[in-house]
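Each remark here refers to the structure printed beneath this line.
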Amino acid sequence: LEMSSLGNRLLSFRSLSTSSRLPMYNNPYIARFKERSLVSDGHHKKSTGLTGLFVNEHPHRSLSVVYSRILKALGQMPKDYAYRTFTEQIVKRRLALVQTETNIQELEQKIGMGQIEEVIEQAEYELEACRSIVESKAWEPLVEEAPKNQWTWPIA
């Protein structure tokens with residue numbers, strides 16, 4: 001008696017689970033992901049090969065905008081601030097490459113930091129870091145004196 005009751009429950013569960021199941025890929029997040037991953041037919045690259053990193057069909061424009069914003073944020077820092085000095089050198093050199101090199105593969109080679117989409121992502125992160133430094137005014141002296149031996153290692 002118990003076995004037939006268990007069998008009936010299994011049958012009813014199977015019929016319920018197969019008939020009322022929603023399609024697995026009817027998910028708005030997946031649909032949005034697929035939209036962003038589409039590339040026009042004439043573009044030389046269909047995928048970056050990296051999950052979540054989509055092909056950018058206009059990398060010159062994207063990099064020019066981000067690099068210009070970085071330079072603008074760096075302009076708010078003191079001229080002798082080390083971060084500003086070194087970051088400005090890198091960004092100006094890369095911006096010059098973006099403006100002169102039209103071939104994307106050659107540009108990737110000259111920058112030497114992977115695919116152009118990775119370079120764009122890195123530039124966006126640098127812009128965030130730069131804006132955070134400007135907001136915190138990291139170049140200003142500390143509000144109060146740091147404790148003695150705070151910066152020594154190993155701790156004695």
Side-chain angles (χ1 to χ4, degrees), residues 17-156:
S17 64
T18 56
S19 64
S20 64
R21 201 182 298 171
L22 291 174
M24 184 174 169
Y25 295 104
N26 196 7
N27 183 321
Y29 297 107
I30 292 174
R32 190 168 64 210
F33 180 87
K34 284 185 179 183
E35 280 177 25
R36 288 193 63 200
S37 67
L38 296 177
V39 180
S40 59
D41 292 335
H43 196 66
H44 76 283
K45 187 192 297 188
K46 298 298 176 199
S47 170
T48 62
L50 300 170
T51 302
L53 186 63
F54 303 104
V55 172
N56 187 316
E57 292 189 54
H58 308 286
H60 290 84
R61 183 180 63 209
S62 298
L63 279 172
S64 295
V65 168
V66 176
Y67 285 155
S68 297
R69 289 178 181 169
I70 291 172
L71 291 172
K72 185 178 178 182
L74 289 170
Q76 298 174 33
M77 298 177 190
K79 288 188 186 280
D80 61 341
Y81 187 53
Y83 175 81
R84 175 184 175 166
T85 305
F86 297 113
T87 305
E88 218 168 34
Q89 288 174 1
I90 294 168
V91 171
K92 284 181 177 179
R93 184 182 67 78
R94 288 186 183 179
L95 183 58
L97 288 172
V98 168
Q99 292 170 341
T100 57
E101 184 58 63
T102 56
N103 184 311
I104 295 172
Q105 288 86 3
E106 289 293 319
L107 182 60
E108 289 175 345
Q109 289 294 319
K110 288 180 179 178
I111 290 176
M113 295 298 293
Q115 296 183 53
I116 202 68
E117 290 81 6
E118 292 175 289
V119 175
I120 293 167
E121 188 173 58
Q122 184 270 333
E124 289 169 348
Y125 289 142
E126 194 65 48
L127 177 59
E128 287 179 35
C130 191
R131 287 177 173 166
S132 293
I133 290 171
V134 168
E135 185 180 323
S136 69
K137 298 181 182 179
W139 56 86
E140 291 183 351
L142 296 174
V143 175
E144 57 186 47
E145 196 63 34
K148 186 177 180 185
N149 296 325
Q150 178 176 341
W151 308 113
T152 58
W153 185 260
I155 300 172

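For clarity, every value in this text was computed on a predicted model and none was experimentally measured. Side-chain atoms are counted along with the backbone in the values below, which use heavy atoms only and exclude waters and symmetry mates.
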Can you tell me how far CD of Glu88 sits from OH of Tyr83, rounded to the nearest 0.5 angstrom?
11.0 Å

What pairs meet the salt bridge (charged side-chain N to carboxylate O under 4.0 Å, His left out) rule with one or both residues in residues 89-98, with sequence neighbours excluded?
none

Shortest non-hydrogen separation from Val98 to Leu63 and the atoms involved:
CG2-CD1, 3.8 Å

Pairwise distance CD(Gln76) to CH2(Trp139) - rounded to 0.5 angstrom:
7.5 Å

Check the surroundings of atom CD in Gln109: do more than 12 heavy atoms from other residues, nucleotides or ligands lie under 6.0 Å from it?
no

Report the C-alpha distance between Cys130 and Arg69 in whole Å, list the side-chain angles of each, state the deciding distance to 0.1 Å, and finish with yes or no for side chain to side chain contact (heavy atoms under 4.5 Å, CB included).
CA-CA 10 Å; Cys130 191; Arg69 289 178 181 169; over 6 Å; no

Val134 to Ala73 - nearest heavy-atom pair and separation
CG2-O, 3.4 Å

Take atom CD in Glu145; do more than 12 heavy atoms of anything else shown fall under 6.0 Å from it?
no

Heavy-atom closest contact (Gly114 atom, Val119 atom, distance):
O-CG2, 4.3 Å

Between Leu95 and Ser64, the two heavy atoms sitting closest are CD1-CA, 3.9 Å

Stepwise, does the side chain to side chain contact (heavy atoms under 4.5 Å, CB included) test hold for His60 with Ile116?
CA-CA 9 Å; His60 290 84; Ile116 202 68; over 6 Å; no

Point-to-point distance, once rounded to the nearest 0.5 Å, from CD1 of Ile111 to CD1 of Ile90
11.5 Å

Distance (rounded to the nearest 0.5 Å) between Glu118 CD and Ile120 CD1:
10.5 Å

Quick one: CD on Glu126 to CG on Leu74, what's the gap to the nearest 0.5 Å?
8.0 Å

Rounded to the nearest 0.5 Å, the NZ atom of Lys79 sits from the CZ atom of Arg84 at a distance of 5.0 Å

Closest non-hydrogen atom pair, Ile70 against Val91:
CG2-CG2, 3.8 Å

